[in-house]
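These numbers come from a predicted model, not from an experiment.
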Amino acid sequence: MTNQDLIARDLKVLWHPCTQMKDTQKLPPIPMRRGEGVWLEDFDGNRYIDAVSSWWVNIFGHANPAINARIKTQLDTIEHIMLAGFTHEPAVELAERLVDISPEGLNKVFYADNGSAAVEVALKMSFHYWLNTGHGEKTRFINLSNSYHGETLGALALGDVALYKKTYEPLLLKPLTAPSPDCFNREPGVSWEEHSRQMFVHMEALLAAHADETCAVIVEPLLQCAGHMRMYHPVYLELLREACDRYNVHLIADEIATGFGRTGTLFACEQAGENGITPDFMCLSKGITAGYLPMSVALTTDKIYDAFYDEYENLTAFLHSHSYTGNPLACAAALATLDEFAAHDQINANRVLSERMARATAPLNDHPHVAEVRQTGMVLAIEMVKDKASRTPFDWRERRGLSVYRHALTRQALLRPLGDTIYFMPPYVISPEQIDHLAEVAAEGIERAVST
């Protein structure tokens with residue numbers, strides 16, 4: 001088997017996600033033969049550092065021996081059982097451990113298949129809670145500009161990235177949108193905290209005007225990933241939690257991409273205030289199984305749960321299901337993932353790695369076509385622009401970021417940009433030397449991209 005053999009077969013039958021398939025005429029998909037640690041290897045023997053964790057999921061490296069072993073053991077016991085009317089030990093143990101490590105008060109776990117599905121669960125639960133408690137007038141949601149919460153229709157509606165959403169607008173719910181606290185847009189000399197505080201006045205105004213009709217506010221804590229890795233200060237979450245309590249509105253924390261160590265703590269919500277905040281719903285996916293199997297979770301409170309706990313004939317139950325809810329193999333992968341965090345003191349180890357990322361990319365702060373190098377924990381983004389002083393972007397049709405991607409492939413690195421934003425979101429098993437290599441490759445790629 002060669003790369004070309006599999007490419008030819010692929011293009012006859014596969015429709016790839018997030019891809020204009022005509023692009024494959026010039027840039028065909030790269031067939032991967034195997035993975036190990038941070039490395040991916042194709043059929044022609046080329047290797048690539050997986051700098052984006054295969055869409056932000058693979059946090060402990062490919063073919064991780066401990067996770068492999070846990071899944072293999074589970075495979076010999078039971079591979080799947082429906083979770084309606086049945087249960088199994090991996091689902092129970094995982095729920096117990098998630099309750100134990102998540103913000104205090106999130107005591108109930110609802111399993112689903114993927115990030116979008118977890119968001120759908122939270123949206124429906126929030127609406128249904130208000131209906132069950134006599135507030136059927138609450139039917140709307142508040143989001144942030146530049147947000148992204150998934151591709152299914154409910155999740156898509158609550159996002160605000162036009163590239164994904166605009167085509168499907170006629171099908172979607174209409175949220176109320178508050179301007180993002182994105183600190184890229186702060187005035188010169190204004191700190192991240194000050195800017196985030198200033199931006200909260202817009203959310204406060206929306207809540208004041210629309211709380212009576214609003215079910216919940218949904219945010220990606222600290223980091224708007226698909227929105228070009230824009231970042232904001234934790235004080236915004238602290239202010240938002242207090243306001244949602246005051247206006248009697250739920251808070252949904254979409255930690256699908258920000259959870260499991262990405263932002264410097266196990267969950268981003270931990271960074272708000274002295275002791276963190278507890279949202280009414282926390283959505284988790286991606287890193288929960290370290291990239292092995294599809295799984296997501298919506299955690300919620302006893303208060304939410306109790307509003308559905310009733311006699312059957314009152315028809316208040318939450319009748320939402322997925323065939324693979326709580327799949328034992330996925331639960332086993334998730335349990336092994338949690339074990340890896342403990343075994344390697346991973347949160348503290350990540351602090352060392354994130355400092356190395358900052359040092360390695362620091363010279364790019366002075367590049368005439370880099371508007372900003374920003375970082376939250378194990379996520380670092382480099383934003384290319386046409387003009388640094390005015391922060392004027394390049395014309396998106398020039399696809400400068402794609403030029404960086406193509407260069408990186410020639411230098412053993414998989415860097416998949418978001419437009420003209422180059423970012424590192426690597427597996428936690430990456431070495432300091434590999435981080436240095438990624439920084440060097442990114443600098444080379446940016447130089448090539450802006451000089452054409």
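- With hydrogens and angles left out, the side-chain atoms of N58 and S54 include no donor and acceptor closer than 3.5 Å.
- Taking a 6.0 Å sphere around NZ of K108, one finds it holds more than 12 heavy atoms contributed by other residues, nucleotides or ligands.
- Qualifying salt bridge (Lys or Arg N to Asp or Glu O under 4.0 Å) partners for E89, counting only residues two or more places apart in sequence or in other chains: none.
- Aromatic ring pairs are classed by plane angle as parallel below 30°, tilted from 30° to 60° and perpendicular above 60°; the pair F318 and H320 is parallel.
- The aromatic rings of F260 and F267 stand perpendicular to each other, their planes meeting at an angle above 60°, with 30° marking the opposite boundary.
- Heavy atoms of other residues, nucleotides or ligands lying less than 6.0 angstrom from CD of E398 number more than 12.
- In this structure E169 satisfies the salt bridge (Lys or Arg N to Asp or Glu O under 4.0 Å) test together with K174, sequence neighbours excluded.
- The aromatic rings of F341 and Y428 sit perpendicular, their planes meeting at an angle over 60°, well past the 30° parallel limit.
- Residue R448 qualifies as open at atom CZ: its count of foreign heavy atoms under 6.0 Å is 12 or below.
- The distance from atom OG1 of T2 to atom CD of Q4, rounded to the nearest 0.5 Å, is 6.5 Å.
- The list of salt bridge (charged side-chain N to carboxylate O under 4.0 Å, His left out) pairs with a residue in residues 54-73, not counting sequence neighbours, reads R70-E93, R70-D339.
- Electrostatic pairing of R391 and E383 does not count as a salt bridge here, judged by no charged N lying under 4.0 Å from a carboxylate O.
- Of the candidates I218, D280, L123, V217, D280 is the only one forming a side chain to side chain contact (heavy atoms under 4.5 Å, CB included) with H250.
- In this structure, F308 places its CZ atom where more than 12 heavy-atom neighbours from other residues, nucleotides or ligands lie under 6.0 Å away.
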